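Right, one structure below, let's go through it.
In this text, all values refer to a predicted model and were calculated from it rather than measured experimentally.
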Amino acid sequence: MRSWYAFARKEMQESVRSGKLVLFFLLFLLFGIMNPAMTKMTPWLMETLAGSLEESGMMITTMEVTAMSSWMQYYKNIPVAIILFLLLFGGSQAAEYQKGTLIPILTKGLDRWKVVLAKAAVMLLLWTAGYWMMFGITFGYTVYFWDNSVVSHSIFAGFCVYLTGIWLISLMMLFGTCLKSAMASLGGVGGVYLVSYVLGIFPAVQKYLPTRLFDMNSLLSGAKNPADFLPAIFVAIVFSVCHILGAIWIFDRKAL
């Protein structure tokens with residue numbers, strides 16, 4: 001496993017040298033602070049704008065914000081955070097193809113499966129650290145400013161979205177192995193997500209779709225229980241493993 005570790009360390013060092021790692025943590029730190037901050041500032045902003053809006057014929061009513069408002073803001077921003085993460089780190093495989101840097105490494109005896117697993121492990125490590133940092137900041141400020149007891153299953157909801165990110169990362173690894181363009185790979189991930197989202201209109205398959213893990217309104221409000229999400233969690237885990245295995249199988253047979 002020494003060669004696997006060396007390649008994974010190289011991936012991490014490249015993220016540091018390119019500045020992507022610092023940018024990533026700064027963005028996720030900002031997202032974590034911004035969610036409760038924007039929620040806290042909303043009533044003040046509405047009061048500030050009330051005068052000018054009344055002159056335009058719009059009436060502003062008193063707005064009450066709660067912990068639920070903060071979490072809703074958090075989950076509105078999560079898709080943007082995931083897209084930024086995939087843009088920053090999802091194109092490493094395509095970059096290797098374009099630069100031709102994999103050939104010298106593989107000719108020295110590095111197994112191809114170790115390349116895929118190393119890249120997947122680095123992305124998973126960064127996603128885990130960045131996501132839970134962002135979640136922890138939002139959770140801490142939300143508890144500080146409001147009564148978080150009005151929100152149901154907040155930590156479990158965070159885990160569901162975290163797992164959705166892992167599923168999308170595995171998809172990015174699969175498309176990144178097949179294609180030689182980071183944007184094409186991202187488009188493939190978006191296409192699969194869209195198909196899964198559209199299939200959600202059919203009740204027979206809805207509870208099995210990984211995109212169901214983004215249905216946070218019903219979970220946080222208490223309308224749904226964690227047990228209702230277990231089929232989607234199981235499918236997301238199985239699909240993630242299959243995507244990585246598929247990426248290994250394709251890369252092992254791919255001409256560079």
Side-chain angles (χ1 to χ4, degrees), residues 8-42 45 65 67 69-96 118-146 148 154-155 157-173 175-176 181-194 197 210-211 213-214 216 220 236 240:
R9 186 175 61 181
K10 178 193 79 71
E11 288 290 300
M12 188 67 73
Q13 289 173 345
E14 287 181 359
S15 298
V16 174
R17 285 196 296 266
S18 63
K20 291 181 179 180
L21 190 65
V22 175
L23 178 60
F24 160 65
F25 278 110
L26 286 176
L27 286 172
F28 274 51
L29 177 66
L30 177 62
F31 275 119
I33 296 173
M34 182 175 62
N35 300 310
M38 288 298 296
T39 304
K40 189 69 174 176
M41 292 175 60
T42 298
L45 290 172
V65 295
S69 306
S70 178
W71 285 117
M72 288 298 99
Q73 184 66 38
Y74 174 80
Y75 290 112
K76 285 180 183 177
N77 291 329
I78 281 295
V80 179
I82 293 177
I83 291 172
L84 289 174
F85 176 82
L86 293 178
L87 283 173
L88 283 172
F89 301 107
S92 63
Q93 191 84 340
E96 300 273 18
K119 288 181 177 294
V122 170
M123 289 186 69
L124 179 59
L125 175 64
L126 293 176
W127 170 247
T128 300
Y131 176 83
W132 289 114
M133 177 190 71
M134 178 175 60
F135 180 88
I137 293 172
T138 297
F139 184 87
Y141 276 110
T142 301
V143 171
Y144 178 79
F145 286 126
W146 301 282
N148 199 55
S154 56
I155 295 179
F159 170 75
C160 287
V161 175
Y162 166 72
L163 185 58
T164 306
I166 293 178
W167 170 59
L168 294 174
I169 288 170
S170 70
L171 271 174
M172 192 72 182
M173 288 299 303
F175 281 108
S181 168
M183 295 308 297
S185 301
L186 188 62
V189 174
V192 172
Y193 184 89
L194 181 61
Y197 181 82
T211 46
L213 299 178
F214 260 140
M216 294 297 99
L220 294 174
S240 297

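Expressed to the nearest 0.5 Å, how far CG of L186 lies from CD1 of I83 amounts to 7.0 Å. Rounded to the nearest 0.5 angstrom, F24 CZ and S15 OG are separated by 10.0 Å. To the nearest 0.5 angstrom, L27 atom CG is 13.0 Å from K20 atom NZ. The CG atom of L29 lies 4.5 Å from the CD1 atom of I137; values are rounded to the nearest 0.5 Å. Interatomic distance, CD1 of I78 versus OG1 of T164, reported as 9.5 Å (0.5 Å rounding). Q73 CD to M34 CE: the interatomic distance, rounded to the nearest 0.5 Å, is 6.5 Å.
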Under the side chain to side chain contact (heavy atoms under 4.5 Å, CB included) rule, what do W167 and V192 come out as? Steps first, then yes or no, please.
CA-CA 11 Å; W167 170 59; V192 172; 4.1 Å; yes
Applying side chain to side chain contact (heavy atoms under 4.5 Å, CB included), run through F139 and N148 and close with a yes or a no.
CA-CA 9 Å; F139 184 87; N148 199 55; 3.7 Å; yes
Side chain to side chain contact (heavy atoms under 4.5 Å, CB included) between V161 and L213, worked out
CA-CA 6 Å; V161 175; L213 299 178; over 6 Å; no
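Panel note: side chain S70, backbone A67; no donor-acceptor pair is recorded below 3.5 Å. Distance alone, capped at 3.5 Å, is enough to place a donor-acceptor pair between the Y75 side chain and the G158 backbone.
A 6.0 Å sphere centred on NZ of K10 holds more than 12 heavy atoms belonging to other residues, nucleotides or ligands. No more than 12 heavy-atom neighbours from other residues, nucleotides or ligands sit within 6.0 angstrom of OH on Y141.
Between Y193 and F214, the two ring planes are perpendicular [angle over 60°; tilted spans 30° to 60°].
The two residues F31 and M134 make their nearest non-hydrogen contact at CB-SD, 3.4 Å. Minimum interatomic distance between G32 and T138 (heavy atoms only, all atoms of both residues): O-OG1, 3.0 Å. Between A157 and M216, the shortest heavy-atom contact is CB-SD, 3.4 Å. Residue S154 comes nearest to L220 through the heavy atom pair CA-CD2, 3.9 Å, listed as atom of the first residue, atom of the second, then distance. Minimum heavy-atom separation, N35 to Y74: ND2-CD1, 3.2 Å. Across all their heavy atoms, S170 and S240 have their closest contact at OG-CA, 3.4 Å.
The ring of F135 has its center closer than 6.0 angstrom to the ring center of W71.
F85 pairs with exactly one of W127, Y162, Y131 by the ring pair (Phe, Tyr, Trp, His ring centres under 6.0 Å) rule, that one being W127.
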